[in-house]
Protein chains: 2
Amino acid sequence: MLKAAIENPTFTEATELLGNSFAKHEPALVIGNCRVDYEGRASSTLEWGERIVIVKADGSILVHRPTGYEPVNWQPQGCLFQVDMPSERVLRIRAFRRQPREIVNIYFDRIRLIFSSRLDDSGEFYLHVSEEQMKDALLSRPEMLEPHFKPIDYERKVEPGFVDVYGVDKDRNLVVVEIKRNPIGRDAVLQLKRYMDAIRRETGQFVRGMVVGPSLRKGAQTLLATLNLEFKQLSPKKCFEVLQARKTRKLIEFMKSER
Amino acid sequence: MLKAAIENPTFTEATELLGNSFAKHEPALVIGNCRVDYEGRASSTLEWGERIVIVKADGSILVHRPTGYEPVNWQPQGCLFQVDMPSERVLRIRAFRRQPREIVNIYFDRIRLIFSSRLDDSGEFYLHVSEEQMKDALLSRPEMLEPHFKPIDYERKVEPGFVDVYGVDKDRNLVVVEIKRNPIGRDAVLQLKRYMDAIRRETGQFVRGMVVGPSLRKGAQTLLATLNLEFKQLSPKKCFEVLQARKTRKLIEFMKSER
DNA sequence: ACATCTATATCGCCC
DNA sequence: GGGCGATGTAGATGT
């Protein structure tokens, strides 16, 4: 049984551990004194120094210096790794990538630490300004949609699904709003159209339709014009700020009431 | 004396090692089961899983999952670190940044490996462009040589070898260009002279000669003046930037078809 | 596969 | 410090 971590391993130990790691597509980590060559779209050399090298399960590799957010050398996922000893005193890690054809060679003359183990990471990652939260932000500040817009209802059930936000404009026209967190495509526009048709059938009134999101995708622009619908730019960032402001306002009110 | 690396440390050991590391602004590395919260321009949560955390000397921090080129959470350089134990079973690393105000909190419930040590890395990093690529860049943007310069051919065969670039200036004088990636020495100047002589014999016309490269070495300067030749400064970095514009390919294909 | 757009982009340069 | 541009950008999404 191989140990997961070895401090100051011999090159033979390191070669064995890394070879095994690459074969099993397990992540690995090497800290040591190394030199790095890159050749591909551009080419680079990095002279001797102590760095942290991370080899990942998906075939990506990162070389990190002791400072700086960005890796000094890297290879995105999908490349092939090799480990060998060009001489008794050197261990080489080779990361090869096709399309574009690029190679990163890392030569170690001293290894301080080597670690290799399966890492069990199935935890979900959430970026918090969801479509739901964007809706909350818009309800909290309806004037972000347009001046004098008044929301009547949200997540209103109609034939094909739920209307995100539903309200009236300054001329008392009904407005149906479809919110998207990501750039708006043709599908979102057609979804809005279906909701509008349902609301029009239900009320018998003229209905304005608006898609709200960070930006418009190529095809959506023309489709909007064709269907005579509108677009209002609203970024998750802006919504995040609105929600933050509301949270602090509520906190202040709460503190006042407790006083 | 603290060890640089500890496998399966207790939280007390880890807190001590990391506290020491942060105080001395030394890089540190933690591998373990953790949960991550981010709050700032946006906000995010990452649920439990095994990851690699790198804390750097300049106040940057990276949280890497076992796959993917990019860190799942991070903080750029210049933030403040804290380590503590909110409970006996949890170790927290806190990375705080002002402007924009952002916080990353990492909670570990198990630490597989911890490493902390000064890393000695003073090695230079060079981003290269080959002589060939410099030629491509010059063909792509001939005005970099001088205004109104028009290339006619490249790698043209003459008696002693291949002329890098061959063209005409705004007064229709022939121009022979010799490109070097490294500082230009006497040898490169003499090489250019031989090419010029060959072209002059071939065409019977007056020929201007120019060496192009990042800089001139001592002896080359005087030799250039003696032979009445010219030097144009052009760095590999500049060429690299031009090549990124990607106009090169089209021009070369055009010239190939015209040759 | 290729083009286009986003990013907690980061990083550098200039003002 | 703010604005703009480059990045071996990487990564996602639509064609």
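Throughout, protein chains are lettered first and strands after them, A, B, ... in sequence-line order, and every chain is numbered starting at 1.
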Comparing nearest nucleotides in DNA chain D, the 5'-proximal residue of the pair A:Q77, A:V72 is A:V72
Does any nucleotide pair with D:dG8 by Watson-Crick or G-U wobble geometry, both distances under 3.5 Å, and what is it?
none
Testing the basics here: between B:M134 and B:V129, what is the closest heavy-atom pair and its distance to 0.1 Å?
N-CG1, 4.1 Å
Report yes if a donor N or O on one partner sits less than 3.5 Å from an acceptor N or O on the other, where the partners are the side chain of B:N73 and the base of C:dT8; otherwise report no.
yes
Mind calculating the distance between CD (B:Q75) and C1' (C:dT8) to the nearest angstrom?
9 Å
If you look at every strand shown and take non-hydrogen atoms under 4.0 Å, does A:Y126 touch a base, only sugar-phosphate, or nothing?
nothing
The side chain of A:A42 is closest to which nucleotide in this list: D:dG14, D:dG8, C:dT6?
D:dG8
Is any NZ, NE, NH1 or NH2 atom of the basic residue among B:E26 and B:R118 found under 4.0 Å from an Asp or Glu carboxylate oxygen of the other?
no
For A:K218 and C:dT6, give me the distance from atom NZ to atom P, rounded to whole Å.
12 Å
Pairing of B:K135 and B:D164 as salt bridge, 4.0 angstrom limit
no
For C:dT10, does either OP1 or OP2 sit under 4.0 Å from a side-chain N or O belonging to B:R41?
yes
Under 4.0 Å between any heavy atoms, over every strand shown, what does A:S43 touch: base, sugar-phosphate, or nothing? Just pick one.
nothing
Any luck finding a side-chain donor-acceptor pair between A:D37 and A:S44 under 3.5 Å?
no
Nearest-neighbour nucleotide for the A:R186 side chain, D:dG8, C:dT6, D:dT15 considered:
D:dT15
Could you check whether A:E178 and A:Y195, counting side-chain N and O atoms only, form a donor-acceptor pair closer than 3.5 Å?
no
Using a 4.0 Å heavy-atom cut-off, does B:Q99 contact any base of the nucleic acid, only the sugar-phosphate backbone, or nothing at all?
sugar-phosphate
Please tell me whether B:Y69 and A:Q77 have a donor and an acceptor in their side chains that are separated by less than 3.5 angstrom.
no
With a 3.5 Å cut-off and just heavy-atom distances, do the side chain of A:E70 and the base of D:dG8 make a donor-acceptor pair?
no
Rounded to whole angstrom units, what separation is found between the CH2 atom of B:W74 and the C1' atom of C:dT8?
5 Å
Looking only at atom P, what distance separates C:dT4 and C:dT8, rounded to whole Å?
23 Å
Protein-nucleotide distance (A:N182, atom CG; C:dT6, atom P), rounded to Å:
11 Å
For B:D58 and C:dT10, what is the distance between atoms CG and P respectively, to the nearest whole Å?
13 Å
For A:L216 and C:dT4, what is the distance between atoms CG and P respectively, to the nearest whole Å?
17 Å
Under 4.0 angstrom, heavy atoms only, what part of the nucleic acid is B:E39 near: base, sugar-phosphate, or nothing?
nothing
How many Å lie between CZ on B:R97 and P on C:dA9, as a whole number?
9 Å
As a test of reading the structure: which of D:dG8, C:dT8, C:dT6 is closest to the side chain of A:P76, going by heavy atoms?
D:dG8
Using a heavy-atom cut-off of under 4.0 Å over every strand shown, decide if A:Y69 touches base, sugar-phosphate, or nothing.
sugar-phosphate
Just how far, in rounded Å, is C1' of D:dG11 from CG of A:L62?
14 Å
